[in-house]
Amino acid sequence: GYLPPPPSAPAPIVIDTDIGDDIDDVDANHFLIRLQQLGYVKILAGISTTNVDSSAAMLETQFLYAGLNLPIGSYKGSAIIGPADHYGAATVAALNWTSRRHNSEYEDAVLTYRRVLNAAPGGVTIFAQGFGSNLAALLQSGANYGGDGLGTGLSIITARVGKLVWGAGGFPQMAAEWNLTHDAASAAYVAANWPTQIVWSGYEVGNACVVGTGIGATLPVNSVLRVAHANYGSDTRPAWGGCAALYAALGIGNAYLGLSAAGTNAVDAATGNNSFAAGGSRADRYVLLNRKYWAVVETLNSFLLQDTQ
């Protein structure tokens, strides 16, 4: 697939993911790790945003396999409902890259977020491919949260984050999309109060782009991506996370993705239903496919068939 030349300096990015439930999160992370290896992005940290107990360990497994020893924070709340472990625990145990197995063994995600963002030079992209729970907790965190000596979450985000790219919702409207409905109150709070631009990548974009053909036949037998897909039970899955990652890393410079007009995405705090309208109180946007879906599929697949080790 077509990619622009790497930037003069890799773009800083934080991955916020509900990895462990649906396999598209592993695909998106794999894509971003390969882009880091090619000089496009610099991953600062991984944030687990789910109550799937193997989530943080699965994220660490994917990083360590690729030679990345990165900060990892884990969700500590109780608002998320519904997701189940469909491959995480089995993959972590089979590959044994980390001795940790449970989210309780990892740092509070809000502390990780605050420390990593505060140390960043600015212009960080947060790539979210899951629930809004940790984003809301970060935004609402007070000064000296957990005794860290830092300012409020709002002040840290405003100073350090360039944009939030969130694979969630459906556009221009959708009822009960997975990433919004499983903690609707947090999603609604972030959608209304996040201090930088939010670029949404909706269900309809990723659903048009099924990726992964050839993973089981091409990658090494001990590849995290191959093992995770085998445990999930399929090589292929819509690229809900992958399309969001493509925009988060490359913007519209890849010729495959465009943006809507600026507007406001209203999320219902009870149901997670969302509706985007031009104008309003914000200047957010949502991702559009500029070309036929096969161009995005080709680009993402070309990376999924490259091992990260």
Side-chain angles (χ1 to χ4, degrees), residues 11 13-36 41 43-52 54-56 58-60 62-63 70 72-75 80 82-83 85-88 109 113 124-136 138 161 163-171 174 177-183 186-187 190-191 194 198-212 224-225 228-229 232 237-250 257 265 267 272 274 286-287 296 300 303-304:
I13 192 166
V14 173
I15 296 174
D16 187 314
T17 173
D18 63 340
I19 191 172
D21 174 28
D22 209 323
I23 198 69
D24 67 303
D25 296 75
V26 183
D27 294 347
N29 295 345
H30 182 98
F31 176 63
L32 290 174
I33 290 168
R34 281 296 295 135
L35 286 181
Q36 168 153 323
V41 302
I43 303 169
L44 304 181
I47 304 294
S48 161
T49 305
T50 177
N51 58 2
V52 172
S54 65
S55 178
M58 182 65 215
L59 187 54
E60 185 177 27
Q62 204 167 13
F63 286 158
L70 296 171
I72 294 175
S74 176
Y75 175 66
I80 297 173
D85 191 329
H86 291 139
Y87 60 87
Y113 251 137
V124 176
T125 294
I126 294 178
F127 162 58
Q129 52 175 339
F131 315 122
S133 312
N134 283 329
L135 296 170
L138 168 64
V161 176
K163 64 179 177 291
L164 167 61
V165 177
W166 193 355
F171 297 90
M174 186 172 179
E177 187 276 325
W178 179 269
N179 286 343
L180 298 184
T181 194
H182 282 75
D183 184 359
S186 290
V190 173
W194 192 260
I198 303 174
V199 176
W200 302 85
S201 182
Y203 175 90
E204 70 285 349
V205 173
N207 204 53
C209 302
V210 177
V211 298
V224 175
L225 190 64
H229 271 271
Y232 185 76
R237 193 69 174 143
W240 297 301
C243 288
L246 185 62
Y247 181 82
L250 303 174
L257 302 176
N265 188 33
V267 178
N274 79 283
Y286 61 87
V287 171
V296 175
L300 294 173
F303 280 84
L304 294 179

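On a predicted model such as this, the values are computed, not experimentally measured, just so you know. Nothing fancy with the numbering, it's 1 onward along the sequence.
Between the side chain of Asp24 and the backbone N or O of Gly241 there is at least one donor-acceptor pair closer than 3.5 Å. Here the side chain of Tyr87 pairs a donor or acceptor atom with the backbone of Asp22 at under 3.5 angstrom. For Asp25 (side chain) and Gly20 (main-chain N/O), no donor-acceptor pair under 3.5 Å exists by modelled atom type.
Ring planes of His86 and Tyr232: perpendicular class, angle over 60° (limits at 30 and 60°). Between Phe31 and Phe303, the ring-plane angle classifies as perpendicular under the 30° and 60° cut-offs.
You'll find the side chain of Phe127 stays beyond 4.5 Å of the side chain of Val14, heavy atoms only. Counting heavy atoms from C-beta on, the side chains of Leu70 and Glu60 never come closer than 4.5 Å. When side chains are defined from C-beta on, Thr50 does not count as touching Asp21, because their heavy atoms never get closer than 4.5 Å. Side-chain atoms of Asn179 and Trp240, non-hydrogen and from C-beta on, never get closer than 4.5 Å to each other. Between Asn265 and Ile198, every side-chain heavy-atom pair lies at or beyond the 4.5 Å cut-off. The side-chain heavy atoms of Cys243 and Val287, taken from C-beta on, include no pair separated by under 4.5 Å. Side chains of Tyr247 and Lys163 form a contact here, defined as non-hydrogen atoms less than 4.5 Å apart. The shortest distance between side-chain heavy atoms of Trp178 and Phe131 falls below 4.5 Å.
With respect to Ile13, the side chain to side chain contact (heavy atoms under 4.5 Å, CB included) criterion is satisfied by exactly one of Ile43, Val124, Ile126: Ile43. Each of Trp166, Trp200, Phe171 was compared with Tyr286 under the ring-ring contact (aromatic ring centres under 6.0 Å, His included) criterion, and only Phe171 meets it. A side-chain hydrogen bond (donor to acceptor under 3.5 Å, both in side chains) with Thr49 is found for one member of Asp16, Thr17, Asp18 and no other, namely Asp16.
Here the CZ-CG distance, from Arg237 to Leu304, works out to 14.5 Å after rounding to the nearest 0.5 Å. Taken to the nearest 0.5 Å, the OG atom of Ser186 stands 9.0 Å off from the CG atom of Asn134. With rounding to the nearest 0.5 Å, the separation of CG in Leu300 from CZ in Arg34 is 13.5 Å. The line from CD1 of Ile15 to OG1 of Thr125 is 11.5 Å long, rounded to the nearest 0.5 Å. Taken to the nearest 0.5 Å, the SG atom of Cys209 stands 9.0 Å off from the CG atom of Leu246.
Smallest separation of non-hydrogen atoms from Tyr75 and Asn51: CD2-N, 4.3 Å. Listed here is the closest heavy atom pair of Val26 and Gln62: O-NE2, 2.8 Å. For the pair Ile47 and Ala109, the tightest heavy-atom approach, listed with the atom from each and the gap, is CG2-CB, 3.8 Å. Across every non-hydrogen atom of Leu180 and Gly169, the tightest pair is CD1-CA, 3.5 Å. When all heavy atoms of Ala249 and Leu32 are compared, the closest pair comes out as CB-CD2, 3.8 Å. When all heavy atoms of Val190 and Ala136 are compared, the closest pair comes out as CG2-N, 3.5 Å.
Scanning for salt bridge (Lys or Arg N to Asp or Glu O under 4.0 Å) contacts around Glu177 gives an empty result, with sequence neighbours left out. Residues passing the side-chain hydrogen bond (donor to acceptor under 3.5 Å, both in side chains) test with Ser55 are Ser48, sequence neighbours excluded. Asp85 meets the side-chain contact (heavy atoms from CB on, under 4.5 Å) test with Val52, Ser54, Ala89; sequence neighbours excluded.
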Audit row: Val224, Met58, side chain to side chain contact (heavy atoms under 4.5 Å, CB included) steps and yes/no: CA-CA 9 Å; Val224 175; Met58 182 65 215; 3.6 Å; yes
